[in-house]
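Everything below concerns the one structure shown next.
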Amino acid sequence: AFDEYGRMYVCELITYSERRETKLGRVSRLVDSDGDGRFDQRTVYIDGLEWPAGILCFDGGIFVASSPELIYCKDADGDGRADLRETVVTGFDVSNPNSCPNSLRWNLDNRLEMMPSTGGGLLEPVRWNRAHADRPAANLQIRGRDISIHPRSGQMRAESGGAQYGMTFD
């Protein structure tokens, strides 16, 4: 994924591990510092992730699909590494490394849309419930459906769709 400054963010699953708890995944940020069209700087933006399989840039940071969570990360002090790590949604199924949430895209209504893959899950809207403790939202069962999330509030809704990998819009 590319941010508004042309920096590229790349999910790295260091080893295709059936042991999710080893947390060998990371996201690296690549920068073309001299403007020659070639990335010449690489920084590990965030590490210790479980099966990262999708990224989307937003508001100076990134959303990362890292089973069982969708997290938001941001570099607050400018050193190229994420200082903020917030769980937005949790509960994606983790029974199969071939069915990780993926394909984060902007929908036409400015909501983040993603595929939970074939595993689905019972999703908890962590960001929404933290900000709206007086009116928490119910968890959402999403087997066989895609999901959209409001990027600021964390409000979720099930959408049509449902496949393993590779959602796009045209």
Side-chain angles (χ1 to χ4, degrees), residues 1-17 19-33 39-94 97 99-107 109-117 119 121 123-133 137 139-140 142 146-157 165-168:
F2 294 88
D3 70 8
E4 62 270 28
Y5 301 105
R7 299 176 295 204
M8 182 169 57
Y9 295 82
V10 179
C11 282
E12 298 180 68
L13 184 54
I14 306 308
T15 179
Y16 186 72
S17 173
R19 297 180 316 272
R20 182 180 56 83
E21 66 280 356
T22 58
K23 298 182 182 184
L24 296 176
R26 65 184 176 209
V27 173
S28 289
R29 185 177 84 172
L30 288 79
V31 176
D32 173 11
S33 64
F39 293 106
D40 50 43
Q41 293 179 359
R42 179 186 164 279
T43 306
V44 175
Y45 189 73
I46 188 164
D47 57 5
L49 299 174
E50 304 172 32
W51 294 343
I55 311 171
L56 189 67
C57 298
F58 175 70
D59 195 28
I62 59 172
F63 286 102
V64 181
S66 177
S67 267
E69 299 176 329
L70 173 69
I71 60 175
Y72 180 72
C73 307
K74 191 170 186 174
D75 173 14
D77 62 10
D79 67 355
R81 294 187 53 86
D83 309 300
L84 168 73
R85 179 178 173 159
E86 174 194 8
T87 300
V88 178
V89 173
T90 191
F92 292 101
D93 181 70
V94 295
S99 62
C100 297
N102 65 89
S103 299
L104 281 65
R105 303 284 185 264
W106 288 115
N107 201 334
D109 60 1
N110 292 318
R111 293 173 66 89
L112 178 161
E113 186 149 337
M114 63 187 293
M115 298 177 68
S117 195
L123 302 185
E124 176 188 346
V126 176
R127 179 183 272 181
W128 174 272
N129 287 343
R130 188 171 38 251
H132 301 93
N139 291 352
L140 180 64
I142 53 153
D146 289 345
I147 181 175
S148 71
I149 301 164
H150 188 281
R152 296 204 186 278
S153 72
Q155 183 243 7
M156 308 181 302
R157 70 179 182 221
Y165 279 100
M167 176 192 61
T168 191

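One-based numbering along the sequence shown. What you are looking at is a predicted structure, and each value in this text was computed from that prediction instead of being measured.
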Original post:
Ignoring hydrogens and geometry, is there a side-chain-to-backbone donor-acceptor pair from Ser66 to Glu50 under 3.5 Å?
Top reply: yes
Original post:
Does the distance from a Lys or Arg side-chain N to an Asp or Glu carboxylate O, for Arg157 and Asp109, drop under 4.0 Å?
Top reply: yes
Original post:
If you take all heavy atoms of Gly80 and Arg29, which pair is closest and at what distance?
Top reply: CA-NH2, 3.4 Å
Original post:
Just wondering, do Glu86 and Arg127 contact through their side chains at under 4.5 Å, heavy atoms?
Top reply: yes
Original post:
At their closest point, which heavy atom of Tyr45 faces which heavy atom of Asp75, and how far apart are they?
Top reply: OH-N, 3.0 Å
**OP:** Report yes if some heavy atom in the side chain of Val10 is under 4.5 Å from a heavy atom in the side chain of Leu30; otherwise report no.
**Re:** yes
Subject >> Side-chain donor or acceptor of Asp79 paired with backbone N/O of Asp77 under 3.5 Å >> reply: no
Subject >> Check: Leu24 and Leu49 side chains under 4.5 Å, non-hydrogen atoms >> reply: no
Subject >> Nearest heavy-atom neighbours spanning Pro151 and Arg111 >> reply: CD-CA, 4.3 Å
Subject >> Value rounded to 0.5 Å, distance of CZ in Phe63 from NZ in Lys74 >> reply: 10.5 Å
Original post:
Once the angle between the rings of Phe58 and Trp106 is folded into 0 to 90°, is it parallel (under 30°), tilted (30 to 60°) or perpendicular (over 60°)?
Top reply: tilted
**OP:** Determine whether Asp32 and Asp40 make a side-chain contact, defined as any pair of heavy atoms from C-beta on separated by less than 4.5 Å.
**Re:** yes
**OP:** Please report the closest heavy-atom contact between Gly154 and Pro125, naming both atoms and the distance.
**Re:** O-CB, 4.2 Å
**OP:** Taking the side chain as every heavy atom from C-beta outward, state whether Val27 and Cys73 have any pair of such atoms under 4.5 Å apart.
**Re:** no
Original post:
Which distance, rounded to the nearest 0.5 Å, do you find between the CD1 of Ile55 and the CG of Asp3?
Top reply: 11.0 Å
Original post:
Passes side chain to side chain contact (heavy atoms under 4.5 Å, CB included), Arg81 versus Thr43? Steps please.
Top reply: CA-CA 7 Å; Arg81 294 187 53 86; Thr43 306; 3.9 Å; yes
**OP:** Go through the steps for Asn107 and Leu112 under the test side chain to side chain contact (heavy atoms under 4.5 Å, CB included), then give the verdict.
**Re:** CA-CA 6 Å; Asn107 201 334; Leu112 178 161; over 6 Å; no
Subject >> Intermediate values then yes/no, side chain to side chain contact (heavy atoms under 4.5 Å, CB included), Phe92 and Leu70 >> reply: CA-CA 9 Å; Phe92 292 101; Leu70 173 69; 4.3 Å; yes
Subject >> Exercise: identify the closest heavy-atom pair between Met115 and Ser103 >> reply: SD-OG, 3.9 Å
Original post:
Does Asp59 come within less than 4.0 Å of Arg152, counting only side-chain N to carboxylate O?
Top reply: yes
Original post:
Side chains of Ser28 and Glu12: does their closest heavy-atom pair fall under 4.5 Å?
Top reply: yes
**OP:** Report yes or no: does Asp83 contribute a side-chain atom to a donor-acceptor pair with the main-chain N or O of Ala76 at less than 3.5 Å?
**Re:** yes
Original post:
Passes side chain to side chain contact (heavy atoms under 4.5 Å, CB included), Leu123 versus Ile147? Steps please.
Top reply: CA-CA 10 Å; Leu123 302 185; Ile147 181 175; 3.2 Å; yes
Original post:
Within a strict 4.5 Å, meaning less than it, do heavy atoms of the Tyr72 and Arg85 side chains meet?
Top reply: no
**OP:** Compare every heavy atom of Arg130 with every heavy atom of Thr87, then report the nearest pair and how far apart it is.
**Re:** O-NH2, 3.2 Å
Original post:
Just wondering, do Phe2 and Cys57 contact through their side chains at under 4.5 Å, heavy atoms?
Top reply: no
**OP:** Working to the nearest 0.5 Å, report the span between CE of Met156 and CD1 of Ile149.
**Re:** 7.0 Å
